There are 2 protein chains.
Amino acid sequence: MEGQEKKVIQFKGKEYPCCASLTMGIIGGKWKTVILYHLMSGKLRYNELRKTMPTVTERTLSLQLKALEEDGLVIRKVYNKKPPLKVEYTLTDFGKTLIPIIESIAEWGDKVSE
Amino acid sequence: MEGQEKKVIQFKGKEYPCCASLTMGIIGGKWKTVILYHLMSGKLRYNELRKTMPTVTERTLSLQLKALEEDGLVIRKVYNKKPPLKVEYTLTDFGKTLIPIIESIAEWGDKVSE
DNA sequence: CCGCATCCCATTAGATACTG
DNA sequence: CAGTATCTAATGGGATGCGG
């Protein structure tokens with residue numbers, strides 16, 4: 001009886017109630033934007049990333065990187081099969097489309113912090 | 001022995017490890033950007049907001065609005081002291097400084113959703 | 001050296017009923 | 001009308017230890 005349209009939008013099988021919440025679903029959380037922010041300048045190894053984010057735990061960093069990889073924002077490249085491993089993370093072209101947003105977010109946080 | 005500088009940045013008494021995470025701490029979460037997105041166009045009453053976000057619960061909407069108010073992004077104005085109440089939510093000038101970011105976020109989500 | 005696994009806790013968000 | 005109260009579920013994230 002009710003003509004209520006939900007008008008959800010979708011991405012990778014997940015549904016969101018609004019275009020803004022889609023983006024936040026992908027870059028939201030405590031660490032994802034920080035990772036993307038550091039990868040903007042170029043590729044980084046796992047441990048290099050850790051050093052730029054001294055307070056993140058290994059597990060969390062792993063999980064967040066995996067999530068970013070699954071959403072197609074970063075690529076994970078393994079260079080050695082034998083230890084010591086060398087793993088590099090890079091933004092994909094798709095991930096790079098977020099750069100303007102990440103920059104605005106970082107800039108705003110920077111201005112506000114004083 | 002280690003000259004490790006933490007270099008945290010602060011806002012409203014909370015500490016963040018990066019300028020990007022500060023912003024995300026304020027507009028992050030499942031609903032805050034959606035609320036801000038709808039308030040960009042002008043003030044809205046509580047129930048009007050609910051209608052624009054059919055899947056949010058009353059409790060969550062309340063909590064998120066309160067958090068946004070505490071961070072100084074929105075103002076809550078009460079027009080009647082006796083029921084039926086009339087409460088309007090508006091962006092503060094400070095909240096308006098986020099508009100470009102919210103717009104980019106919404107736009108990106110919109111493009112990606114197809 | 002890189003990063004996964006297990007366990008656990010804190011925080012966030014939903015369902016529902018009720019109130020000034 | 002605009003919330004609060006209570007309870008519960010889902011998620012995020014930390015600590016620690018193991019393995020290639």
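Every chain is numbered from 1, with letters handed out A, B, ... down the list of sequences. Note that the structure is a prediction, hence the values are computed from the model and not measured.
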So, is B:K66 near the phosphate of D:dT4, with a side-chain N or O under 4.0 Å from OP1 or OP2? yes

Across the strands shown, which category fits B:K82 at heavy-atom distances under 4.0 angstrom: base, sugar-phosphate, nothing? nothing

If I take atom CG in residue B:N47 and atom C1' in nucleotide D:dG3, what distance separates them, rounded to the nearest angstrom? 10 Å

Please check this pair: side chain of A:S21 against backbone of A:Y16, looking for a donor-acceptor N/O pair closer than 3.5 Å. no

Look at all strands and tell whether A:R50 reaches a base, only sugar-phosphate, or nothing, counting heavy atoms closer than 4.0 Å. nothing

From CG of A:L65 across to P of D:dG13 the rounded distance in Å is 13 Å

I want to confirm an ordering. Mapping B:L63 and B:E58 to their closest nucleotides on DNA chain C, which one lands closer to the 5' end? B:L63

Side chains of B:D71 and B:F11: does their closest heavy-atom pair fall under 4.5 Å? yes

Given 3.5 Å as the limit, does a donor-acceptor pair link the side chain of A:T23 with the main chain of B:G109, or not? yes

Work out how much the helix from C:dC1-D:dG20 to C:dG20-D:dC1 bends between its end axes, five pairs an end, to the nearest 10 degrees. 50°

Can you tell me the distance, in whole Å, between the OH atom of B:Y79 and the P atom of D:dG3? 13 Å

What residue pairs, at least two apart or across chains, pass salt bridge (charged side-chain N to carboxylate O under 4.0 Å, His left out) with a residue in residues 11-26 of chain A? none

Going through the checks in order, is the side-chain contact (heavy atoms from CB on, under 4.5 Å) test met by B:L39 and B:L73? CA-CA 10 Å; B:L39 287 181; B:L73 303 182; over 6 Å; no

Can you work out whether A:T60 or A:L85 has the more 5'-proximal nearest nucleotide on DNA chain D? A:T60

Chain B footprint on DNA chain C, 5' to 3' - any atom under 4.0 Å from a heavy atom: C:dA13 to C:dG20

4.5 Å side-chain heavy-atom contact, A:M53 and A:I35: yes

Whole-Å gap separating P (D:dG3) and CD (B:E48): 13 Å

Atom-to-atom span, CE of A:M53 to C1' of D:dG12 - whole angstrom: 14 Å

State whether the distance check finds a donor on one side and an acceptor on the other, under 3.5 Å, for side chain B:R59 versus base D:dG3. no

Presence of B:S62 side-chain N/O under 4.0 Å of D:dA2 phosphate oxygens OP1/OP2: no

Under the criterion side-chain contact (heavy atoms from CB on, under 4.5 Å), I'd like the reasoning laid out for A:L36 against A:V74: C-alpha separation, chi angles, the key distance, then a yes or no. CA-CA 8 Å; A:L36 295 172; A:V74 309; 4.2 Å; yes

Could you state the CD-C1' distance from B:Q64 to D:dG3, rounded to the nearest angstrom? 15 Å

Nearest heavy-atom neighbours spanning A:L22 and B:S113: CD1-CB, 3.7 Å

May I ask you to decide if A:G72's main-chain N or O and A:T92's side chain share a donor-acceptor pair within less than 3.5 Å? yes

Could you tell me the separation between the NZ atom of A:K14 and the P atom of D:dA10, rounded to a whole number of Å? 16 Å

Apply side-chain contact (heavy atoms from CB on, under 4.5 Å) to residues A:Y46 and A:L65 and explain how you reach the verdict. CA-CA 9 Å; A:Y46 179 82; A:L65 282 166; 4.2 Å; yes

What is the distance from OH of B:Y89 to P of D:dA2, rounded to the nearest Å? 9 Å

